[in-house]
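This report concerns only the one structure given below.
These values consider heavy atoms only, across backbone and side chains, with no hydrogens, waters or symmetry-generated copies. A note on names: the letters A, B, ... follow the listed sequences, proteins ahead of strands, and every chain is numbered from 1.
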Amino acid sequence: MTAYCRIDHVDKTYKRGTTETCVLKEITLDIEKGEYVSIIGHSGCGKSTLLNIVAGLTPATNGGVILEGREVNDPGPDRAVVFQNHSLLPWLTVYDNVRLAVDKVCSATKSRAERHAWTVHNLDLVQMTHAKDKRPSEISGGMKQRVGLARALSMEPKVLLLDEPFGALDALTRAHLQDTVMGLHQKLGNTVMMITHDVDEAVLLSDRIIMMTNGPAAQIGEILPVPLARPRKRLELVADATFLKCRQRVLEFLYERHQFVEAA
Amino acid sequence: MNMPLAKSVISAGVRSAPPAPVAAKVLPLPVKQKAMNTRAYETLGNMAATVVPPVVMVLLLLTVWQVLCMRPGATLPPPSKIWTEAYDLIVDPFFVAGPQDIGLGWRVLVSLERVAIGYGLAAVFGIALGTLVGQSVWAMRGLDPIFQVLRTISPLAWLPISLAAFRDSQPSAIFVIFITSVWPIIINTAVGIRNIPQDYRNVAAVLRLNPLEFFWKIMIPSAAPYIFTGLRIGIGLSWLAIVAAEMLTGGVGIGFFIWDAWNSSRLPDIFIALAYIGIVGFILDRIVAGLASVVTRGTAAN
Ligand SMILES: Nc1ncnc2c1ncn2[C@@H]1O[C@H](COP(=O)(O)OP(=O)(O)OP(=O)(O)O)[C@@H](O)[C@H]1O
Ligand SMILES: [Mg+2]
């Protein structure tokens with residue numbers, strides 16, 4: 001029995017002229033349905049590259065991605081991405097940004113009124129209905145990420161891909177959004193693959209943490225299951241023994257065994 | 001506009017700060033009133049600051065001109081003479097006294113019609129070609145130098161060729177407008193398309209937008225600021241070109257009027273025509289600029 005989503009022996013090499021840089025080497029990973037997986041690693045190790053390969057935005061040099069028994073090669077709404085820098089279209093309002101996705105993805109299955117309702121519903125999920133007529137330049141960074149999340153959720157993806165969705169946010173906003181994402185995962189049961197370089201975030205949100213070695217030719221160094229019951233409460237976990245142990249493991253991996261090398 | 005937004009952020013972020021709104025309620029009221037008053041004065045002041053200096057300068061220049069050209073033996077007429085001799089042209093732009101004797105307003109409209117056709121074609125064709133060129137690195141590399149060379153050719157240099165090709169003055173004049181204004185539109189559109197951020201392309205890819213949807217929903221809005229830069233340069237060039245072209249091709253346009261006035265030694269009329277051309281050109285530029293700021297208000301803000 002194959003996994004819901006399988007990343008199968010993926011290599012990625014970038015060629016520039018005659019020099020080849022191997023970014024990813026032999027990445028194999030199975031993700032179960034409804035699972036929340038985080039990928040953590042130092043900057044430049046190839047996390048975004050891996051996510052883009054799953055999204056279909058970057059072709060793998062070798063190997064491939066199998067989703068529900070079928071190989072995926074091109075981008076599509078079944079693997080919706082929340083990008084690191086929100087990537088909202090600045091000339092559209094918040095509502096229209098989500099509506100664009102809804103219109104495109106649900107055009108065959110929903111009527112006009114249903115698409116409107118579905119757009120509003122997804123904005124509701126991320127508590128952004130109040131700003132639906134604003135443009136992206138008029139809302140804060142955290143709000144933009146919420147809208148990006150709403151846009152991705154509205155596509156009802158099989159796998160939701162998050163590329164450091166909270167990377168550019170301040171600590172308070174970040175915590176708030178993490179809670180939102182956690183709540184939505186609980187409620188909707190999405191399969192999520194998230195990139196992060198925040199250890200606490202990885203432990204708090206994930207079922208499993210994939211730790212990547214440093215590039216070039218980054219590999220999966222270790223996979224750590226996080227056996228914490230859901231729903232998880234941020235404040236209760238602060239002193240939780242399992243939480244602290246997981247945190248410890250990840251920190252050890254990142255800062256002792258695979259220290260960040262500046263001249264990569 | 002921003003108040004409810006700011007408030008909701010505060011209440012969402014900091015839950016334990018009830019006294020803040022109370023303090024905020026008392027203070028800003030008188031402050032705001034004052035600010036409104038000063039703002040009204042400021043607006044008035046700003047308007048005066050933009051209107052008064054040009055008016056003063058124009059009066060000053062007219063005076064200098066008057067003084068310089070009042071001397072006996074001056075080659076050009078002073079403003080006072082222009083006023084008296086070209087009075088009918090100044091006061092009524094839309095008189096019709098015969099097939100060739102019509103007000104300058106009509107003449108400008110005739111010229112504008114040619115510009116509208118030539119420039120309209122240039123806009124459609126330029127945006128379309130620019131989009132194609134901007135899509136491909138090789139098309140850009142191959143065609144850009146050619147466009148850059150063609151761009152520098154004077155409108156009038158195209159006229160003999162287009163007269164030879166069309167054998168009629170009306171389409172020739174329109175072609176000259178077209179060929180003059182199309183280059184900056186192509187070049188700027190292509191640059192705009194090249195500069196579409198990868199992020200937007202990724203969004204389009206994830207949504208599986210088809211090429212037509214991609215064109216209308218991503219390309220055009222994203223490249224709009226560049227396209228409008230091209231359109232604005234283009235309208236200026238068109239207006240320059242039509243006057244020159246009409247001087248040579250004839251008809252009832254404003255360009256031919258100048259040529260005709262020169263041939264019958266009506267110097268004052270020429271000055272009035274120049275004023276018309278300048279003002280109409282200025283208005284055309286403002287219209288395109290205004291359109292640009294309306295259309296690109298979302299894109300430019302980011
Ligand atoms: N188009 C490209 N051509 C050549 N090399 C590339 C290209 N894109 C990425 N790389 C290289 O691949 C490596 C991995 O990049 P990637 O963006 O995946 O890193 P990352 O782990 O996401 O880093 P960060 O945490 O900073 O986002 C980097 O060393 C980068 O220089
Ligand atoms: Mg990255």
> To the nearest 0.5 Å, how far apart are CG in B/N202 and CZ in A/F83?
Replying inline: 4.5 Å
> Which atoms of A/A55 come close to chain B, meaning under 4.5 Å heavy atom to heavy atom: side chain ones, backbone ones, both, or neither?
Replying inline: neither
>> For B/F215, I'd like to know if atom CZ has over 12 heavy atoms of other residues, nucleotides or ligands within 6.0 Å.
In response: yes
>> Could you tell me if the side chain of B/L207 sits less than 4.5 Å from the side chain of A/M155, heavy atoms only?
In response: yes
> Any idea which of A/L89, A/V81, A/V105 has the most non-hydrogen atom pairs under 4.5 angstrom with chain B?
Replying inline: A/L89
> By a 4.5 Å heavy-atom criterion (distance strictly below it), what part of A/N85 contacts chain B: side chain, backbone, both, or neither?
Replying inline: side chain
>> Testing the basics here: between B/R208 and A/R79, what is the closest heavy-atom pair and its distance to 0.1 Å?
In response: NH2-NH2, 4.2 Å
> For the residue pair A/L88 and B/Y200, what are the closest heavy atoms and their distance?
Replying inline: O-CE2, 3.8 Å
> What closest approach, in Å, do A/A80 and B/V206 show between heavy atoms, and which atom pair accounts for it?
Replying inline: CA-CG1, 4.1 Å
> Just how far is it from atom CD of A/Q84 to atom CG of B/D199, taken to the nearest 0.5 Å?
Replying inline: 10.0 Å
>> Within the structure provided, determine whether A/L92 and B/K217 are in side-chain contact (heavy-atom separation under 4.5 Å).
In response: no
